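Read the structure below first, then the notes.
Keep in mind that this is a model prediction, so the values were computed, not measured. For the numbers below, each heavy atom of this structure counts, side chains included, while hydrogens, waters and symmetry mates do not. Sequence lines set the chain letters: A, B, ... in the order given, protein chains first and strands last, and positions in each chain run from 1.
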Amino acid sequence: MGRPNDDVAALFQEFADLLSITGEAAYKVRAYEKAARAIGGYPEDVTRLDLKGLRKIPNVGEAIAKKILDYQETGTIRQLEALRERIPAGVRALTEIPTLGPKKAMVLYEELGISSVEQLAEAIPAGRLNGLKGFGAKTEENILHGIELLRHAGERALIDVATELAEEIVAELSPLAGRCAYAGSLRRCRETVGDIDILATAEDSGPLMAAFIALPFVTEVIGSGETKTSVRTVKGLQVDLRVVPPEAWGAALQYFTGSKAHNVRTREIAVRAGLKLSEYGLFSVETGELIVSATEEDVYARLGLPWIPPQLREDEGEIEAALRGELPRLVELADLCGDLHTHTDLTDGVASLEDMVAAAAARGNAYYAITDHAPNLSMQRMTDEKMLAQREAVRALQGRYPDMALLHGTELNIDPDGEVDWPAEFLAGFDICVASVHSHFTQDREAMTRRIVRAVENPHVHILGHPTARSIGRRASVDADWDAVFAACARSRTILEIDAFPDRLDLPADLIRHARRHGVKFAIDSDAHAPGHFDNLRYAVGTAQRGWLTPDDVVNTWPLERLRAYLNAG
DNA sequence: GCCGTTTTCGGCCCGACTGTTTTCAGTCG
């Protein structure tokens with residue numbers, strides 16, 4: 001997204017990677033990784049802070065603060081440039097090959113001068129690794145396999161694909177397990193996942209492991225032991241099954257949910273209290289005695305913390321908030337009482353107005369907005385007459401739904417100058433207007449910022465639809481000064497959408513957190529084009545939770561009267 | 001390199017699996 005803090009964080013992550021390749025002590029590498037994460041999640045722009053301000057960032061001390069000052073002056077970090085000269089970028093790329101880490105990468109570079117994945121792929125069949133210490137036949141085979149995986153699979157799975165697969169596996173294994181659930185980044189509601197972690201309890205892991213390997217979509221067993229089995233599935237997605245004794249459920253679930261950074265923090269807290277935390281429980285260091293392990297709540301409580309929702313476990317301030325007793329009461333799916341962005345077959349939806357409204361009512365919505373596309377998206381062939389006719393149909397339908405208020409709206413197109421489809425007089429006839437970027441995605445930052453700010457300042461625009469217009473894995477976010485956009489939304493009381501389509505999830509979680517600091521409100525919308533799309537709302541809720549949103553932040557958890565008052569005030 | 005209810009030095013999260021150097025290092029999560 002090109003935020004300055006992300007750029008600086010990426011430089012320090014690269015610095016850490018290069019240090020680890022040079023064999024620098026692990027704690028030093030970790031110090032840079034921690035600093036990179038802290039900088040990425042820091043609310044203030046680190047390129048505008050002085051030394052004193054920089055030192056306030058957690059895990060940023062004298063040395064790293066000075067490197068940031070160097071970046072402010074020169075646009076780079078001299079020590080990083082020096083490392084880049086020593087270690088070609090291709091050597092760092094070698095560590096992206098599964099099973100090949102920094103140590104092996106450095107041996108390959110120093111002994112054989114290999115500095116790219118391509119060179120390594122050619123060197124192995126040519127026998128150039130023969131006799132190289134630490135590289136036996138099996139290791140060569142694993143590296144070649146890893147290169148294949150890197151080239152072909154590579155991509156992360158979208159959350160809906162991964163969730164459906166994980167739920168299917170849990171359903172298959174549950175009859176054989178005491179307890180069974182998915183953990184890992186999927187439980188934390190990351191928007192994409194690199195693998196799936198399944199956790200189960202059993203006294204004897206044998207039958208579970210056997211059933212797991214026998215699942216029809218398993219194509220390859222990567223590794224298998226008594227407590228852990230890893231497989232690859234038809235879609236290239238890796239799935240790990242961990243089996244622990246029943247009494248260790250809570251500690252194991254906490255451990256396998258991660259993130260790694262969050263776990264490091266909780267273990268450090270344990271160490272300071274004379275305790276040792278592992279997936280088997282919280283133990284006394286002195287006596288080795290088990291203290292707690294049955295539930296996550298027990299583990300956190302014994303560390304002096306409230307239970308922390310998985311969506312927050314990224315070491316991005318949740319530990320500190322928990323210690324202060326300031327964890328947010330996160331918005332939940334059950335809090336939603338309406339949907340403010342949906343389509344019908346009048347434009348590109350695939351279900352009729354009647355069917356969409358019936359499905360919405362069946363979900364128990366208190367209000368529901370129909371927002372078909374406006375005419376400037378010309379392929380939708382919208383006209384004033386069609387839109388007014390739909391409004392009549394909506395009003396007529398209202399009588400059948402005494403418990404659900406029907407709102408007639410539209411999804412406007414923000415043109416390159418920030419104008420929308422209709423003049424103010426026509427827009428005033430809608431109950432609600434969403435406005436979205438659907439074209440000209442590549443405008444430069446200045447033009448895009450001006451464009452979006454102008455649109456959100458339009459008094460008839462209530463919601464900025466899928467604000468970044470990204471398509472995960474296919475199209476990058478548009479480039480805009482998001483702080484300027486969020487400030488404009490806060491001023492004009494324009495609501496930011498969190499679009500539930502699994503390849504959008506837009507606004508993304510990190511930008512949600514930034515926007516919230518500006519005092520902006522949000523709408524969790526399905527953008528449904530068919531009744532089945534309402535099921536995607538769970539993923540938008542997960543994204544909102546990762547953005548630390550409470551029900552008060554989300555306008556479609558509010559009663560209709562409060563929502564109407566907010567829309568009209570804007 | 002960072003940090004401090006063991007506070008300016010001496011620590012820094014924990015365990016499983018794999019392959020190889022056969023008693024342990026590297027990688028991964």
Side-chain angles (χ1 to χ4, degrees), chain A residues 12 15-16 19-21 23-39 54-68 79 94-108 129 131-143 145-146 183-186 188 193-199 205 209 221-230 238-244 248 251-252 254-283 285 303-304 313 315 323:
Chain A
F12 282 110
F15 201 86
L19 283 180
S20 77
I21 292 170
E24 190 61 73
Y27 55 80
K28 198 166 170 181
V29 173
R30 208 152 69 82
Y32 278 99
E33 288 177 338
K34 283 161 83 171
R37 212 164 44 241
I39 291 163
L54 290 170
R55 292 294 306 271
K56 287 189 185 144
I57 305 171
N59 302 304
V60 172
E62 184 82 13
I64 290 180
K66 283 189 170 161
K67 288 186 176 71
I68 299 175
Q79 291 93 330
L94 292 180
T95 64
E96 284 166 25
I97 302 169
T99 74
L100 202 163
K103 295 287 185 293
K104 284 196 166 72
M106 193 56 175
V107 170
L108 290 168
L129 274 60
L132 193 61
K133 197 178 165 197
F135 291 81
K138 187 66 184 167
T139 297
E140 289 189 354
E141 193 183 309
N142 287 343
I143 291 173
H145 187 52
S185 53
L186 194 59
R188 302 199 312 279
V193 301
D195 62 14
I196 294 174
D197 297 286
I198 308 284
L199 178 66
S205 68
M209 296 302 191
V221 178
I222 299 164
S224 187
E226 198 169 320
T227 67
K228 176 184 176 183
T229 294
S230 299
Q238 180 174 330
V239 185
D240 294 346
L241 171 64
R242 305 290 299 237
V243 181
V244 297
Q254 196 281 330
Y255 174 76
F256 291 115
T257 297
S259 67
K260 187 171 159 57
H262 176 88
N263 285 355
V264 169
R265 292 295 305 278
T266 52
R267 287 173 179 214
E268 283 170 354
I269 291 170
V271 169
R272 282 202 290 280
L275 304 169
K276 185 188 70 164
L277 179 60
S278 78
E279 58 264 52
Y280 299 110
L282 190 59
F283 300 87
V285 168
L303 295 175
R313 299 183 195 172
D315 187 25
L323 287 169

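The P atoms of B:dG4 and B:dC13 are separated by 14 Å, rounded to the nearest whole Å. The C1' atoms of B:dG10 and B:dG15 are separated by 25 Å, rounded to the nearest whole Å. Between B:dC12 and B:dC17, the two P atoms lie 25 Å apart (nearest whole Å). Rounded to whole Å, the separation between the C1' atoms of B:dT22 and B:dT18 comes to 14 Å. When the P atom is used for both B:dG11 and B:dA16, the distance is 25 Å, rounded to whole Å. On the C1' atoms, B:dT20 is 11 Å away from B:dG26, given to the nearest whole Å. A distance of about 13 Å separates the C1' atoms of B:dG19 and B:dT23, rounded to the whole Å. Taking atom P on both B:dT6 and B:dC2, the two are 23 Å apart, rounded to the nearest angstrom.
For the pair A:Phe283 CZ and B:dC13 P, the computed distance is 18 Å after rounding to whole Å. Taking atom OH on A:Tyr32 and atom C1' on B:dC12, their separation rounds to 16 Å, with Å as the unit. Rounded to an integer number of Å, the gap from A:Glu33 CD to B:dC3 P is 16 Å. The distance from atom CG of A:Leu19 to atom C1' of B:dG1 is 10 Å, rounded to the nearest whole Å. With rounding to whole Å, A:His145 atom NE2 is found 16 Å from B:dG19 atom C1'. Atom CG in A:Leu282 sits about 16 Å away from atom P in B:dC13, given to the nearest Å. When rounded to the nearest whole Å, the span between CG of A:Leu199 and P of B:dA16 equals 14 Å. Here the P atom of nucleotide B:dC2 and the CG atom of A:Leu54 are 12 Å apart, to the nearest Å.
In this structure, the side-chain hydrogen bond (donor to acceptor under 3.5 Å, both in side chains) partners of A:Ser230, at least two apart in sequence or on a different chain, are A:Asp240.
Across B:dC12, B:dC2, B:dG19, the shortest atom-to-atom separation from the side chain of A:Thr139 is found for B:dG19. With B:dG1, B:dT18, B:dC14 as the candidates, the nucleotide lying closest to the side chain of A:Asn142 is B:dT18. The side chain of A:Arg30 has B:dC13 as its nearest neighbour among B:dC13, B:dA16, B:dG1. Minimum atom distance to the side chain of A:Lys138 is reached by B:dT20, of the listed B:dT20, B:dA16, B:dG1. Taking only side-chain atoms of A:Ser278, from C-beta outward, the nucleotide of B:dG1, B:dC12, B:dC14 with the closest atom is B:dC14.
Ion pairing of A:Glu141 with A:Lys138 is present here, as a side-chain N (NZ or NE/NH1/NH2) and a carboxylate O approach within less than 4.0 Å. Taking 4.0 Å as the cut-off between side-chain N and carboxylate O, A:Glu62 and A:Lys66 count as a salt-bridged pair.
The closest donor-acceptor contact from the side chain of A:Thr227 to the backbone of A:Arg242 lies at 3.5 Å or more, if one exists at all. Although no hydrogens or angles enter the test, the distance criterion places no donor-acceptor pair under 3.5 Å between the side chain of A:Thr95 and the main chain of A:Pro102. Between the side chain of A:Asp197 and the backbone N or O of A:Ala183 there is no donor-acceptor pair closer than 3.5 Å. Not one N or O on the side chain of A:Ser185 forms a donor-acceptor pair closer than 3.5 Å with the backbone of A:Arg188.
Backbone-only contact: A:Ala137 has heavy atoms under 4.0 Å from sugar-phosphate atoms and none from a base. Across all strands shown, A:Gly258 has no heavy atoms under 4.0 Å from either base or sugar-phosphate atoms. When heavy atoms are screened at a 4.0 angstrom cut-off, A:Val264 is found touching base atoms of the nucleic acid. Residue A:Val29 is classed as having no contact, given no heavy-atom separation below 4.0 Å to the nucleic acid. Counting any heavy atom pair closer than 4.0 Å across all strands shown, A:Ser230 reaches no nucleic acid atom. Looking at heavy-atom distances under 4.0 Å, A:Arg265 makes no contact with the nucleic acid at all.
When each of A:Glu268 and A:Asn59 is assigned the nucleotide of DNA chain B with its nearest heavy atom, A:Asn59 is the one assigned upstream, toward the 5' end. Each of A:Gly61 and A:Gly274 was assigned the nucleotide of DNA chain B with the nearest heavy atom; the assignment lying further toward the 5' end belongs to A:Gly61.
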Query - Working for side chain to side chain contact (heavy atoms under 4.5 Å, CB included), residues A:Gln254 and A:Leu277 - result: CA-CA 10 Å; A:Gln254 196 281 330; A:Leu277 179 60; 4.0 Å; yes
Distances for protein N or O near nucleotides 26-29 of chain B N or O, under 3.5 Å:
from   : atom 1 : to       : atom 2 : distance (Å)
B:dT27 : OP1    : A:Gly101 : N      : 2.7
B:dT27 : OP1    : A:Gly101 : O      : 3.1
B:dT27 : OP1    : A:Lys104 : N      : 3.0
B:dT27 : OP2    : A:Lys103 : N      : 3.2
B:dT27 : O5'    : A:Gly101 : N      : 3.4
B:dC28 : OP1    : A:Thr99  : N      : 2.7
B:dG29 : O6     : A:Lys260 : NZ     : 3.4
B:dG29 : N2     : A:Tyr255 : OH     : 2.2
B:dG29 : N3     : A:Tyr255 : OH     : 3.3

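Contact check for A:Leu108 versus A:Leu129: side-chain heavy atoms found under the 4.5 Å cut-off.
Look at B:dT8: it lacks any Watson-Crick or wobble partner with both distances under 3.5 angstrom.
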